[in-house]
Peer 1: 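Before we start, here is the structure in question, set down as structure tokens.
What you see is a predicted model; the values in this text were computed from it and never measured. Just so it is clear, the values below take in all heavy atoms, side chains as well, and ignore hydrogens, waters and symmetry mates. Order of the sequence lines fixes the chain letters, A, B, ..., with proteins taken first and strands second; residue numbering starts at 1 for each chain.
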2 protein chains.
Amino acid sequence: MSGLDGSGSPLREIPEATVARLPMYLRALNALADGSRLVCSSDELAAAAGVNAAKLRKDLSYLGSYGTRGVGYDVELLRFHIAREIGITQDWSVVIVGAGHLGQALAGFSGFTSRGFEIVALLDADPALAGQQIAGVPIHDFADMPAIVAERRVTIGVIAVPAAAAQQVTDDLVAAGVTSILNFAPAVLSVPAGVDVRKVDLSSELQILAYHESRKGAASDAGTEATA
Amino acid sequence: MSGLDGSGSPLREIPEATVARLPMYLRALNALADGSRLVCSSDELAAAAGVNAAKLRKDLSYLGSYGTRGVGYDVELLRFHIAREIGITQDWSVVIVGAGHLGQALAGFSGFTSRGFEIVALLDADPALAGQQIAGVPIHDFADMPAIVAERRVTIGVIAVPAAAAQQVTDDLVAAGVTSILNFAPAVLSVPAGVDVRKVDLSSELQILAYHESRKGAASDAGTEATA
DNA sequence: TAGATTGTTAATCGATTAACAATC
DNA sequence: TAGATTGTTAATCGATTAACAATC
């Protein structure tokens with residue numbers, strides 16, 4: 001157990017909370033690089049990513065020592081190391097299941113391509129849609145999914161179908177070899193060990209906002225509870 | 001400080017992690033109620049929500065004691081108490097800014113209505129779209145936003161515009177009185193104290209999956225690191 | 001009463017933060 | 001050398017979990 005971390009190999013154990021923030025740092029670095037900044041301090045980068053500097057430095061320390069004391073971080077170098085740590089120095093092939101509004105919106109989202117992903121197909125149970133393209137992404141019959149997954153070495157699937165269909169789609173994707181799933185359907189998915197699922201739940205997000213919103217209203221009645 | 005929690009008033013301090021799970025419990029209870037279950041145990045509910053039973057009981061204990069030892073939870077009663085705690089016993093008015101693919105997908109998502117929200121308008125900077133409807137939601141010129149927010153008492157806004165426009169839209173929403181924002185644009189938003197922002201970042205989600213996916217591949221080389 | 005299941009305790013674990021020594 | 005800024009330490013805080021007494 002526990003990697004005997006040798007040279008610069010990216011196999012240290014990184015806390016999950018840190019992993020979830022690496023994409024934010026990468027985005028902030030990309031913005032800085034666009035502005036042709038060569039070097040930045042932890043304060044600047046933290047501000048650009050919307051976190052505090054202590055947390056940023058602690059997070060980056062898990063990756064290794066890529067800053068220079070008294071100077072800051074080399075933007076390009078740090079960008080490379082984070083991208084390598086995340087594993088997006090090469091693109092990952094992704095399929096989106098469900099060519100409804102949401103699936104089409106996702107396929108059309110240009111951000112994926114530049115951030116390490118290639119959407120190789122939109123899949124839909126309606127064979128009438130097959131042959132069309134959305135923003136350059138071909139729509140295929142869901143029946144062709146196993147062939148596409150095998151041929152394009154797809155390991156990540158995005159679920160944009162109604163909740164009622166989500167578990168079956170998941171089972172099919174997993175059977176075809178997909179081992180990571182991003183789920184937009186409001187449903188709890190069961191998957192075998194070794195398969196990762198992340199979910200994006202739109203009404204949950206709104207409900208969490210509503211929870212805090214409810215208490216805000218109350219604050220104007222009672223004491224002054226503002227500015228947090 | 002710290003509420004002197006009287007009768008059953010929903011003003012105890014609830015941990016943020018618990019708040020984020022209440023919507024999951026509510027969804028699971030709705031599913032059970034549809035199946036006409038009157039009572040359920042913490043084990044059943046936890047399984048339906050995809051969490052472990054200890055965590056569920058701990059979470060529910062923050063709301064009060066709404067279960068019966070030896071019996072379980074009354075589905076309808078618990079549903080009411082969670083909905084009240086979240087603050088969705090009445091509907092919240094919501095505007096979606098950006099009538100592109102994503103905005104249209106969100107407007108068409110039927111789940112919001114039944115979960116405590118009414119989408120009162122889609123707003124877009126392109127006045128040519130105004131007058132159209134998407135799934136019953138009218139599209140308005142963004143210039144009309146302040147009037148709509150005031151008239152419909154909107155406190156929650158959803159941002160589905162390109163990253164470059166997100167901060168300006170945020171500033172305008174906040175100026176109009178919106179105090180909770182759900183942000184789909186890949187951008188860090190600054191808001192004044194008292195305004196809550198939650199973000200849904202699609203490429204971050206994929207990158208987090210990619211991180212774990214990278215290590216899976218490596219596991220087949222080295223020792224047996226499967227089943228987690 | 002016996003069986004079942006909650007609500008709570010206490011231990012553990014992981015994440016955050018401030019402070020500062022190391023060092024460019 | 002003096003000033004700046006990282007990387008790390010240690011303290012604190014919050015979340016998770018298992019176990020079990022309370023109680024239906």
Side-chain angles (χ1 to χ4, degrees), chain A residues 1-2 5 8 12-25 28-29 32 37-75 77-79 81-82 85 208 211-212 228, chain B residues 1-2 5 8 12-25 28-29 32 37-75 77-79 81-82 85 208 211-212 228:
Chain A
M1 252 140 265
S2 88
D5 97 72
R12 281 158 255 244
E13 207 47 56
I14 297 189
E16 195 53 36
T18 296
V19 170
R21 282 188 295 264
L22 293 181
M24 299 162 54
Y25 303 149
L29 284 166
L32 288 171
R37 291 292 306 277
L38 299 179
V39 165
C40 70
S41 69
S42 61
D43 278 325
E44 290 172 289
L45 187 52
V51 303
N52 80 43
K55 191 186 285 183
L56 173 109
R57 288 201 301 275
K58 183 89 172 123
D59 282 343
L60 293 185
S61 75
Y62 292 111
L63 313 194
S65 270
Y66 300 125
T68 306
R69 288 163 138 108
V71 177
Y73 298 94
D74 178 299
V75 170
L77 183 74
L78 185 56
R79 196 154 70 134
H81 281 295
I82 295 178
E85 193 72 38
I208 295 166
Y211 172 88
H212 296 290
Chain B
M1 252 144 262
S2 86
D5 97 71
R12 278 158 257 243
E13 207 47 55
I14 298 189
E16 196 52 37
T18 297
V19 170
R21 282 188 294 265
L22 293 180
M24 299 162 53
Y25 303 149
L29 284 166
L32 288 170
R37 291 291 306 276
L38 299 179
V39 165
C40 70
S41 69
S42 60
D43 277 325
E44 290 172 290
L45 186 53
V51 303
N52 81 43
K55 189 185 286 182
L56 173 110
R57 288 201 301 274
K58 183 89 173 124
D59 283 342
L60 294 185
S61 76
Y62 291 111
L63 313 196
S65 270
Y66 300 126
T68 307
R69 290 164 138 105
V71 177
Y73 298 94
D74 179 299
V75 170
L77 182 74
L78 185 56
R79 195 154 71 136
H81 282 295
I82 295 179
E85 193 71 38
I208 295 165
Y211 172 88
H212 295 290

Peer 1: For D:dG7, does OP1 or OP2 lie under 4.0 Å from any side-chain N or O of A:Y73?
Peer 2: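 Yes, because at least one side-chain N or O of A:Y73 sits under 4.0 Å from OP1 or OP2 of D:dG7.
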Peer 1: Give the rounded distance in Å between these two atoms: CD of A:E16 and C1' of C:dA15.
Peer 2: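 After rounding, the reported distance stands at 12 Å.
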Peer 1: Measure from CG on A:L45 to P on D:dT5 and round the result to the nearest Å.
Peer 2: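 The answer, rounded to whole Å, is 14 Å.
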Peer 1: May I ask which nucleotide in the shown strands pairs with C:dA15, Watson-Crick or G-U wobble, both distances under 3.5 Å?
Peer 2: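 Across any shown strand, C:dA15 pairs with D:dT12.
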Peer 1: Rounded to the nearest 0.5 Å, what separation is found between the OG atom of B:S42 and the CG atom of B:D59?
Peer 2: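 Answer rounded to 0.5 Å: 11.5 Å.
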Peer 1: Once you round it to whole Å, what is the distance between P of C:dT23 and OH of A:Y66?
Peer 2: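 Value for this atom pair: 18 Å.
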Peer 1: Report the distance from atom CG of A:D59 to atom C1' of C:dT17, rounded to the nearest whole Å.
Peer 2: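 Result: 12 Å.
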Peer 1: Should A:N52 be listed as having a side-chain N or O under 4.0 Å from OP1 or OP2 of C:dT16?
Peer 2: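 It does not, given that no N or O in the side chain of A:N52 lies less than 4.0 Å from OP1 or OP2 of C:dT16.
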Peer 1: As an exercise, state the distance from CD of B:E85 to OH of B:Y66, rounded to the nearest 0.5 Å.
Peer 2: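 B:E85 CD to B:Y66 OH: 7.0 Å, rounded to 0.5 Å.
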Peer 1: Figure out the CZ/P separation between B:R69 and D:dT23, and round it to whole Å.
Peer 2: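 Taking CZ of B:R69 and P of D:dT23, I get 6 Å after rounding.
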Peer 1: For D:dT6, does either OP1 or OP2 sit under 4.0 Å from a side-chain N or O belonging to A:T68?
Peer 2: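 No, outside the criterion.
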Peer 1: Does the side chain of B:Y62 get closer than 4.0 angstrom to OP1 or OP2 of D:dA15 through an N or O atom?
Peer 2: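 So the side chain of B:Y62 is outside the cut-off, no N or O lying under 4.0 Å from OP1 or OP2 of D:dA15.
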Peer 1: How close or far is atom C1' of C:dG14 from atom NZ of B:K55, stated in whole angstroms?
Peer 2: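 Computing the B:K55:NZ to C:dG14:C1' distance gives 12 Å.
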Peer 1: Once you round it to whole Å, what is the distance between P of C:dT16 and NZ of A:K58?
Peer 2: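 It works out to 11 Å between those atoms.
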Peer 1: Of the options C:dT23, D:dC20, C:dA15, whose atoms approach the side-chain atoms of B:R57 most closely?
Peer 2: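 Selected nucleotide: D:dC20.
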Peer 1: State the CD1-CG distance between A:I14 and A:L63, to the nearest 0.5 angstrom.
Peer 2: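 It is 5.0 Å, given to the nearest 0.5 Å.
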Peer 1: Nearest 0.5 Å, please: how far is CG in A:L32 from CZ in A:R79?
Peer 2: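 Rounded to the nearest 0.5 Å, the CZ-CG separation comes out at 9.5 Å.
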Peer 1: Between B:R21 and D:dT16, is there a side-chain N or O to OP1/OP2 distance below 4.0 Å?
Peer 2: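 Checking B:R21 against D:dT16: at least one side-chain N or O falls below 4.0 Å of OP1 or OP2.
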Peer 1: Can you measure B:D74 atom CG to C:dT6 atom P for me and round it to whole angstrom units?
Peer 2: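 Going from B:D74 (CG) to C:dT6 (P), I get 13 Å.
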Peer 1: Using purine N1 to pyrimidine N3 plus N6-O4 or O6-N4 for Watson-Crick, or N1-O2 and O6-N3 for G-U wobble, both under 3.5 Å, which nucleotide pairs with D:dT6?
Peer 2: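 Check on D:dT6: paired to C:dA21, both distances under 3.5 Å.
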Peer 1: In the structure I gave you, are the side-chain heavy atoms of B:L78 and B:L45 within less than 4.5 Å of one another anywhere?
Peer 2: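 The answer is yes; the side chains approach within 4.5 Å.
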Peer 1: Heavy atoms only, 4.0 Å cut-off, all strands: where does B:A54 land among base, sugar-phosphate and nothing?
Peer 2: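 The residue B:A54 makes base contact.
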Peer 1: For A:T18 and for A:V71, locate the closest nucleotide of DNA chain C by heavy-atom distance; then report the residue assigned to the nucleotide nearer the 5' terminus.
Peer 2: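 Upstream on the strand: A:T18.
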Peer 1: Do the side-chain N or O atoms of A:S65 get closer than 4.0 angstrom to the phosphate oxygens (OP1, OP2) of D:dG7?
Peer 2: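 Yes, A:S65 has a side-chain N/O under 4.0 Å of OP1/OP2 on D:dG7.
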